[in-house]
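Worksheet: one structure, shown below.
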Amino acid sequence: MGLNKKSVDDINVNGKKVLVRCDFNVPLKEGKITDENRLVAALPTIKKLVADGGKIILCSHLGKPKGEPKPELSLAPVAVRLSELLGQEVKFVPSPVVVDDSVKAAVDAMKDGEIVLLENTRYRAEETKNGEAFSKDLASLADVFVNDAFGTAHRAHCSNVGVTQFIDTCAVGYLMQKEIDFLGNAVETPVRPFVAILGGAKVADKLNVISNLLEKCDTLIIGGGMAYTFQKAKGLEVGTSLVDDTKIDYCKEMMEKAEKLGKKLLLPIDTTIAKEFPTPIDAEIEVTSVDADAIPADMMGLDIGPKTAEMYADAVKSAKTVVWNGPMGVFENPILAKGTIAVARALAETDATTIIGGGDSAAAVNQLGFGDKMSHISTGGGASLEFLEGKELPGVAAANDK
Ligand code: AMP
């Protein structure tokens with residue numbers, strides 16, 4: 001499934017002002033960028049537009065300043081690091097309202113091939129409400145718009161959707177294309193067997209993903225906190241594990257759906273349990289099966305057990321396409337990370353196409369040093385999940401068709 005949207009290869013930006021919406025929403029600690037994957041992922045599009053002789057005006061949000069300037073969420077450190085990564089100055093043009101006369105003057109003074117970066121778009125309250133005034137302000141800076149921010153593509157905000165109403169030429173960048181190609185091909189035309197792995201805390205966050213992926217994949221693997229609602233739906237004792245009692249019927253439905261479609265739905269057969277969550281870090285843990293009342297009433301499951309890890313790794317080994325979103329346990333605590341590590345290792349070792357949905361699973365894979373072993377690690381957690389639900393992403397839909 002190719003993306004039928006105009007890309008940066010289909011437009012001519014020579015001598016033109018190009019507003020580029022990037023996803024520079026990087027984690028910061030005391031003003032330092034602690035994970036620069038999203039910056040690195042944005043480079044190909046920026047370099048291409050520079051090489052084509054455009055005047056590049058970069059913009060992004062960072063964190064949640066909630067509509068007012070918050071110095072700790074300024075994009076200033078991003079301008080510094082981007083300049084280093086590109087080997088070319090990225091001039092930061094800050095304004096508490098993102099676009100004002102001084103910013104316009106700086107843009108008017110740009111030469112072809114130069115780059116500026118605007119301040120955090122969420123300094124403006126209209127941004128997340130897709131308000132017209134800010135969309136117009138942004139559009140007033142440029143002749144052409146390029147959206148390369150996959151991480152925000154599931155939101156309709158001024159800087160990725162509203163602005164497209166006031167600029168005629170709106171294309172997507174290379175990162176957006178790559179994300180949609182990988183995720184789209186995996187879901188729509190997977191090389192089979194296609195194994196999808198879902199984990200993380202809550203079933204409720206992944207209802208539509210479970211349902212949609214069951215239709216598309218051959219095997220659906222469930223781990224993490226969400227597995228216990230499935231176990232309870234099977235009538236098993238889950239102790240004090242994370243359970244959403246309002247989703248028991250839903251889990252039953254999904255198990256029936258899998259059966260009807262002839263799909264494998266794999267659930268944990270053993271689990272690592274502890275009395276307290278999530279501390280202490282050296283809590284006493286035990287491994288138990290999940291049979292009947294094997295999990296004591298006063299204990300909770302916090303990771304998949306070793307037999308489950310082996311079973312999941314075997315399923316990965318037999319796959320040709322694997323999509324993974326969500327950790328298998330409370331992987332932030334090293335004693336509860338074994339299941340997540342086992343799954344990450346299985347993905348790292350296979351020749352199959354391996355795609356990691358963003359968020360925690362991407363962080364886990366990178367932390368464990370398996371990042372370069374994966375075919376694709378998405379830069380967008382929420383966006384990749386909504387894509388896997390089969391939803392159209394507003395940020396993609398807003399670009400011109402080819
Ligand atoms: P999500 O944001 O839905 O992908 O969930 C990620 C979070 O789920 C991580 O912070 C994990 O610590 C947490 N998690 C994974 N497994 C469990 C579990 N068995 N019980 C409670 N939380 C869990």
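Residue indices begin at 1 and follow the sequence shown. As the structure lists them, so they are numbered: ligands from 1, and atoms in each ligand from 1.
- Every atom of ligand 1 with a heavy atom of G224 under 4.0 Å away is listed here by number and element: 16 (N), 19 (N).
- For atom 23 (C) of ligand 1, the nearest protein heavy atom (residue, atom name, distance) is V330 CG2, 3.6 Å.
- The shortest side-chain heavy-atom distance between L141 and K17 does not fall under the 4.5 Å cut-off.
- Between K275 and E284 no salt bridge is recorded (no basic side-chain N to carboxylate O distance below 4.0 Å).
- Comparing G199, A201, A337, A227 against atom 5 (O) of ligand 1, the shortest heavy-atom distance belongs to A201.
- Using a 4.0 Å cut-off between charged nitrogen and carboxylate oxygen, D401 and K6 do not count as a salt-bridge pair.
- Checking D9 against Y174 by side-chain atom types alone, a donor-acceptor pair falls below 3.5 Å.
- Note: L62 CG to R122 CZ = 9.5 Å, rounded to the nearest 0.5 Å.
- Of the polar atoms of E332, at least one N or O is found under 3.5 Å from an N or O of ligand 1, judged by distance alone.
- The backbone N or O of P65 lies less than 3.5 Å from no partner atom in the side chain of Y123, so there is not a single donor-acceptor pair.
- An N or O contact shorter than 3.5 Å links G301 to ligand 1 by distance.
- By the criterion of a heavy-atom distance under 4.0 Å, the side chain of D360, and not its backbone, is placed next to ligand 1.
- Protein heavy atom closest to atom 17 (C) of ligand 1, with residue, atom name and distance, is G225 N, 3.3 Å.
- There is a side-chain donor-acceptor pair under 3.5 Å between S159 and R21.
- Set against the non-hydrogen atoms of Y228, the atoms of ligand 1 under 4.0 Å away are 19 (N).
- Salt bridge status for R124 with E126: present, with a side-chain N to carboxylate O gap under 4.0 Å.
- Comparing P327, G329, S361 against atom 15 (C) of ligand 1, the shortest heavy-atom distance belongs to G329.
- Atom numbering of ligand 1 starts at 1 in the shown order; those under 4.0 Å from a heavy atom of G200 are 1 (P), 3 (O), 4 (O), 5 (O), 6 (C), 8 (O).
- The part of K206 lying near ligand 1 is the side chain, judged by heavy-atom distances below 4.0 Å.
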